[in-house]
Trainee: 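Got a structure for you, written out below as structure tokens; questions coming shortly.
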Protein chains: 2
Amino acid sequence: MNQWDDFRYFLALQRNMTLKASARELKVDQATVGRRIQTLEDSLGTQLFEKRSDGYFLTLAGERVLPTLKALEEGIHSVERLIAGQEERIEGIVKIAMPGALANHWLIPKLQPFIQKHSQIKFEFLTGPEAVNLSRREADLAIRLVRPTQRDLVVKKIGEIQLSLYGHPSLFTSTRRPATKEDLKKFPFIGLFPNSMSELEKQLLKKIEPHLHCTIRSGAWSSVFYSIQSGLGIGILPSFLAERDSKLVQLQVIESGRTPLWLVAHPDIVHSARVRAVIDYVITALK
Amino acid sequence: MNQWDDFRYFLALQRNMTLKASARELKVDQATVGRRIQTLEDSLGTQLFEKRSDGYFLTLAGERVLPTLKALEEGIHSVERLIAGQEERIEGIVKIAMPGALANHWLIPKLQPFIQKHSQIKFEFLTGPEAVNLSRREADLAIRLVRPTQRDLVVKKIGEIQLSLYGHPSLFTSTRRPATKEDLKKFPFIGLFPNSMSELEKQLLKKIEPHLHCTIRSGAWSSVFYSIQSGLGIGILPSFLAERDSKLVQLQVIESGRTPLWLVAHPDIVHSARVRAVIDYVITALK
DNA sequence: ATACATGTCTGTAAATATGCATTTTGTAAA
DNA sequence: TTTACAAAATGCATATTTACAGACATGTAT
């Protein structure tokens, strides 16, 4: 066996089921995936996949080697992390995955002193809705509203976010401000997708759920903010965002609450001097 | 990191120190090794090797990832074994590593019934002096005189070899047969290289060591046999070999002894039906 | 049925990696 | 120093691998 790289194709095909999807993941042509899987099977002398109408499925032999190969993949990732984690100069790129609104209106405004001190560090923000995998080093750090369950990550609470219910004054010209949960019925509700919500937000919503008719859902706070600002309805927002428009009124129908903010990193990475510097700044200066 | 194969080059270079030696191991050109190591270092953004006058040496970063990569290599080998070990048809090649004389005069003569029963199995014998690595599946089975220390191999005693001191009658025409250890001085001694010897053989030799002047050393019993048969001197031989020449006389100066014969295999491999069949035959029919 | 979307297979041109021959470098002996 | 030698780097021709494009297959909604 002298084509270790083929095992990457094996794992991708096993995950994605089809040549085309795997090709997308591996950033190669679909024909290449097919041919390399063929090569691998030939050189092992065994069929690893069974081709069915709905995709490629592991044979018994494939199932047998899968756990070992998954472990190998994890090993490769750990090599990358070990390399990235041993960097001792405070320079280079630090990738941070976090909610976009939090980056734009909470972290970035406070970053000036750090950037002046460490001019060699460049930032990259991953604010997309996709879950970012720190084990695969898709980012160096993540700032999250939900505490990750994964065992091997280091997690630190770095602050709290205040969540309250808001509406734009224009909403309340024809209808008076809601005072009871019953009143909420009269206003369209604008909210996040459930998987983007913090635990607290879910709790708050549970209390008023039966009275809501949700008109807009989004994966990002900023679009919730702009929807509310445009008078499209009411919704829950973090205070740092709501405060950007002084006209927005906080509705006392439900109590506001505070949800913790978690800084998450992989232990292999925090040894890197540049990541360490960012972590320290976030922890001390921003708390 | 999307070039897993480069890690193979890393490990080879780490083992062999020079590009040229690594190229030999990997069966590629020396230039290729150099270029791929360069690629790997570029893509990791880190120097892994320090080029010194006497070869390539790991940098601190290289040292840091070495253990992980060694584990990965072991994982790759285990994949090969898992695939080979799951074969359920009694057909294909079975590679056996064993001393050449033992193969030629002990195993092969007894193989006829097995081959008639399992005509689909083909044998390959590795009788060279090189140590064969079963973990890397350089052979399916090994038959050895020294019990392997490696933990993860399955070992079974399949018989015993009788070792005695022999000489050819032509030696004793001018000088009479040796009767005491002192007498042995008068005859040239023909022996194996120490690392080919069984424990017993070393013990036997220790007793007469001071009286020996060794004229011929070999890694294989057969050349010891032919040397003795040609009257070049005396030496220790297994009885099955010595008996091939009825004229050879056994010298009672030192007692003869029996040394165990070990059948060794990797647990992943013994699940393979064809290897299982050979193992069972060797154990039952040849005991 | 028909059109459409999705995925796979195959042949070919282009990109890429490799081997080979040659030059360069570094080290030790004369 | 020169000379000799082994290993490594370099340039170029060649072999291999890849992407691309179009044909083909299959399943799905109209």
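Keep in mind the model is a prediction, meaning the values are calculated, not measured. Reckoned from all heavy atoms, side chains included, excluding hydrogens, waters and symmetry mates.
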Trainee: Spell out protein contact along nucleotides 11-30 of chain C as letters: B when the base is contacted, S when just the sugar-phosphate is, - when no protein heavy atom is under 4.0 Å; keep the 5' to 3' order.
Mentor: B------BBB-----SS---

Trainee: Expressed in angstrom and rounded to an integer, what is the separation of A:Lys51 atom NZ from D:dA25 atom P?
Mentor: 13 Å

Trainee: Could you tell me the separation between the NZ atom of A:Lys20 and the P atom of D:dA25, rounded to a whole number of Å?
Mentor: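 It is 17 Å, rounded to the nearest whole Å.
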
Trainee: How close or far is atom P of D:dT18 from atom CG of B:Asp5, stated in whole angstroms?
Mentor: 11 Å

Trainee: If you round to the nearest 0.5 Å, how far is CD of B:Glu74 from OG1 of A:Thr68?
Mentor: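 It comes to 10.0 Å.
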
Trainee: Mind calculating the distance between CZ (B:Phe57) and P (D:dA8) to the nearest angstrom?
Mentor: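 Computing the B:Phe57:CZ to D:dA8:P distance gives 11 Å.
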
Trainee: Treating A:His118 as the side-chain partner and A:Gln120 as the backbone partner, does any N or O pair qualify as donor plus acceptor under 3.5 Å?
Mentor: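 Not at all, since once roles are kept as given, no pair shorter than 3.5 Å links the two residues.
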
Trainee: Could you go through B:Glu88 and B:Arg274, starting from their C-alpha distance and side-chain angles, then the distance that decides it, and tell me whether this counts as salt bridge (charged side-chain N to carboxylate O under 4.0 Å, His left out)?
Mentor: CA-CA 8 Å; B:Glu88 285 171 11; B:Arg274 66 175 189 285; over 6 Å; no

Trainee: For A:Phe49 and C:dG7, what is the distance between atoms CZ and C1' respectively, to the nearest whole Å?
Mentor: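 It is 16 Å, rounded to the nearest whole Å.
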
Trainee: Tell me: CD of A:Gln38 to C1' of D:dT16, nearest whole Å?
Mentor: 17 Å

Trainee: Without decimals, in angstroms, what is the distance between A:Leu19 CG and D:dA25 P?
Mentor: 17 Å

Trainee: State, without any angle test, whether A:Gln150 and A:Ser135 hold a side-chain donor-acceptor pair at a distance under 3.5 Å.
Mentor: yes

Trainee: Measuring from atom CD of B:Gln86 to atom CG of B:Leu82, what distance do you get when rounded to the nearest 0.5 angstrom?
Mentor: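 If I round to the nearest 0.5 Å, the distance is 8.5 Å.
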
Trainee: In whole angstrom, what separates A:Arg8's CZ from D:dT18's P?
Mentor: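 Computing the A:Arg8:CZ to D:dT18:P distance gives 10 Å.
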
Trainee: Under the criterion side chain to side chain contact (heavy atoms under 4.5 Å, CB included), I'd like the reasoning laid out for B:Arg36 against B:Thr32: C-alpha separation, chi angles, the key distance, then a yes or no.
Mentor: CA-CA 6 Å; B:Arg36 296 199 69 160; B:Thr32 304; 4.0 Å; yes

